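It should be emphasised that the depicted structure is a prediction, and the values quoted were computed from it without experimental measurement. Chain naming here is simple, since letters A, B, ... match the order of the sequence lines and numbering starts at 1 in each. Every heavy atom of this structure was used, including side-chain atoms; hydrogens, water molecules and symmetry mates were not.
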2 protein chains.
Amino acid sequence: MPQITPTPIKLQQALYELMWQQSYGRVTIDAICEKAGVKKGSFYHAYPDKAKLALDAFEHFWQTETRPWLDESFSPCDPPLTRLANWLSRGLEKTLQCQQEYGRIYGCPLFNIGSELSTLEPQVAAKVGEILRRHRDYLITTLRDASAEGSVEIDDAEEVARDVLTLVEGALTQARISNKPDPVRRLPKSVGRLIGATLPSPQILTVS
Amino acid sequence: MPQITPTPIKLQQALYELMWQQSYGRVTIDAICEKAGVKKGSFYHAYPDKAKLALDAFEHFWQTETRPWLDESFSPCDPPLTRLANWLSRGLEKTLQCQQEYGRIYGCPLFNIGSELSTLEPQVAAKVGEILRRHRDYLITTLRDASAEGSVEIDDAEEVARDVLTLVEGALTQARISNKPDPVRRLPKSVGRLIGATLPSPQILTVS
DNA sequence: CCTTGATTTGACTAATTAGTCAAGTAGCGT
DNA sequence: ACGCTACTTGACTAATTAGTCAAATCAAGG
């Protein structure tokens, strides 16, 4: 009879936020425990090490935050280019919100942590790669739709989707390094250039 | 009468290589010293801490490696789009060489370390930003030349240069995360898409 | 209520690591 | 040769950190 406890999730959230704001390597087990309000023994009862926790942390964040967000941004309700515009607009929104809340731009944990850990924790890097692939799938679908609709001229939607994601993640990293939102602000124009189209202004979405 | 000793440079090289292959945070002072063949006391004689060493390490690598490399790749001898093609071709070359030599793709230390340290060591992040700017200047010049020549149609060379650099750095990071050269291999096509032109095949350059 | 197994706790160990320092060495000008 | 200063060394301390463990606690079924 498996008892259910909030400890693993508290640990996941704690590590996720800490490594997003700082870096994976800088976050100690003690810091995770303190943030999660949990003692170290409980950590080691729930997880054998930090890397295993990171795997769950990424998956949990994907399921509870990223996926719903992408589902809404890329709703087939909207015309394909509007989906792209919405996604970027909401991304900028989040970036600015982060800046306002923490006085700092943290960018996207996937790229930051993935790059930091690629040589040190291959399993975590693989997880990051998998989640990036999930992102890409939204773009592939959207670009295919845009192509079918005739609003862009694209030979290989997958190729272009890769480029778009690379550009967006790169811009988020630039924003983190420079602590300025400008690279993200420029994205609609940049992505437009990349796919050879002008993105429409995003449909305004009010948070419920 | 300032005595001159190779210690600082040995330390710079050691830290640079180690943090490129692993991460900044994972590299200990002891590891730097061992790699440099120097005792810890000498480290602290030369530098007050790791961050200050990193500043010099980035500058030293720029001066001795990156700058000569870019100067040659972007020689105004060649037509602008050929310069771009050369740069990307040599970048791929380096990536493959790295893979062959170390069995791993390490990407570009600027993005990796810059992103890792942006919130933890602002001075180092600022240095990274500065060096990225130097890279960008090569691209701005090149795109201006291309525009003047009429081989591309660009309204704002600086904007596009930013995008190109973002895409390239993003691709290098993708390559590091996935440990595959494909994102770098795709770059000529991707950059071509971004600037709305097809890059020529690179001029073959034999190493002296 | 009582048992059972999951969970939590706090105190513990061992290892790693940053940083210090006094003593020694090496190079250079005079 | 002498003295000055830059540099090097190895041994040291103090702090941090990962990981362990036996005992305590909790939650649920019988």
Side-chain angles (χ1 to χ4, degrees), chain A residues 1-58 60 113 116-117 119-125 127, chain B residues 1-58 60 113 116-117 119-125 127:
Chain A
M1 38 232 65
Q3 248 183 86
I4 180 163
T5 153
T7 300
I9 288 183
K10 285 198 280 184
L11 289 170
Q12 290 160 23
Q13 290 170 334
L15 171 58
Y16 196 88
E17 184 163 343
L18 287 173
M19 72 185 176
W20 176 51
Q21 296 175 354
Q22 303 171 19
S23 75
Y24 177 88
R26 175 72 61 114
V27 180
T28 65
I29 310 277
D30 285 329
I32 299 170
C33 292
E34 193 185 7
K35 176 140 199 148
V38 147
K39 301 300 176 184
K40 192 150 47 167
S42 294
F43 176 100
Y44 283 105
H45 179 75
Y47 289 101
D49 54 36
K50 197 167 65 163
K52 287 276 188 297
L53 170 60
L55 292 180
D56 279 11
F58 275 115
H60 179 259
I113 312 292
E116 179 186 350
L117 293 188
T119 64
L120 304 170
E121 298 282 2
Q123 291 202 342
V124 182
K127 185 79 189 177
Chain B
M1 38 232 61
Q3 248 182 87
I4 179 164
T5 153
T7 300
I9 288 183
K10 284 197 280 185
L11 289 169
Q12 290 159 24
Q13 291 170 333
L15 171 56
Y16 197 88
E17 185 163 343
L18 287 174
M19 72 184 176
W20 176 52
Q21 296 175 353
Q22 304 172 17
S23 75
Y24 177 88
R26 174 73 61 115
V27 180
T28 64
I29 309 277
D30 285 329
I32 300 169
C33 292
E34 193 184 7
K35 177 141 197 147
V38 148
K39 302 298 174 184
K40 192 149 46 166
S42 293
F43 177 101
Y44 283 105
H45 180 76
Y47 289 101
D49 53 38
K50 199 168 63 164
K52 287 275 189 298
L53 171 60
L55 292 181
D56 278 12
F58 276 115
H60 179 258
I113 314 291
E116 180 186 350
L117 294 188
T119 64
L120 304 170
E121 299 283 0
Q123 291 202 343
V124 182
K127 185 77 189 178

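Rounded to an integer number of Å, the gap from A/F43 CZ to C/dT9 P is 15 Å. One can place OH of A/Y44 at 12 Å from P of D/dT17, the figure rounded to the nearest angstrom. With rounding to whole Å, A/D30 atom CG is found 14 Å from D/dT20 atom C1'. Across the protein-nucleic acid pair, B/L11 atom CG and C/dG19 atom P stand 14 Å apart, rounded to whole Å. If you measure from atom CD of B/E34 to atom P of D/dG10, you get 14 Å, rounded to the nearest angstrom. Taking atom OH on B/Y47 and atom P on D/dA6, their separation rounds to 17 Å, with Å as the unit. C/dT17 atom P lies 12 Å from atom CD1 of B/I32, rounded to whole Å. Going from atom NZ of A/K39 over to atom P of C/dG10 covers 5 Å, rounded to whole Å.
Put simply, the side chain of B/H60 does not reach to within 4.5 Å of the side chain of B/D56, judged on heavy atoms. Here the side chains of A/K35 and A/Q13 are not in contact, with every heavy-atom distance at 4.5 Å or above.
Counting non-hydrogen atoms under 4.0 angstrom, B/S42 reaches a base of the nucleic acid. Among the heavy atoms of the strands, none lies under 4.0 Å from B/K50.
Of the possible polar contacts, one joining the A/K50 side chain to the A/Y24 backbone as a donor-acceptor pair under 3.5 Å is found. For B/T119 (side chain) and A/Q21 (main-chain N/O), a donor-acceptor pair under 3.5 Å exists by modelled atom type.
Both A/A31 and A/G41 lie close to DNA chain D; mapped to their nearest nucleotides by heavy-atom distance, the more 5′-ward contact belongs to A/A31. Residues A/P6 and B/R26 both approach DNA chain C. Their nearest nucleotides, taken by heavy-atom distance, put A/P6 toward the 5′ side.
Side-chain atoms of A/H45 lie closest to C/dT8 of the nucleotides D/dT8, C/dT17, C/dT8. Residue A/T5 places its side chain closer to C/dT8 than to any other of C/dT8, D/dG19, D/dC7. The side chain of B/T28 sits closest to C/dT17 out of D/dG19, C/dT7, C/dT17.
The one candidate from B/L15, B/T7, B/I29 that meets the side chain to side chain contact (heavy atoms under 4.5 Å, CB included) condition with B/F43 is B/I29.
Remark: the A/K40 side chain and the C/dG10 base include no donor-acceptor N/O pair separated by less than 3.5 Å.
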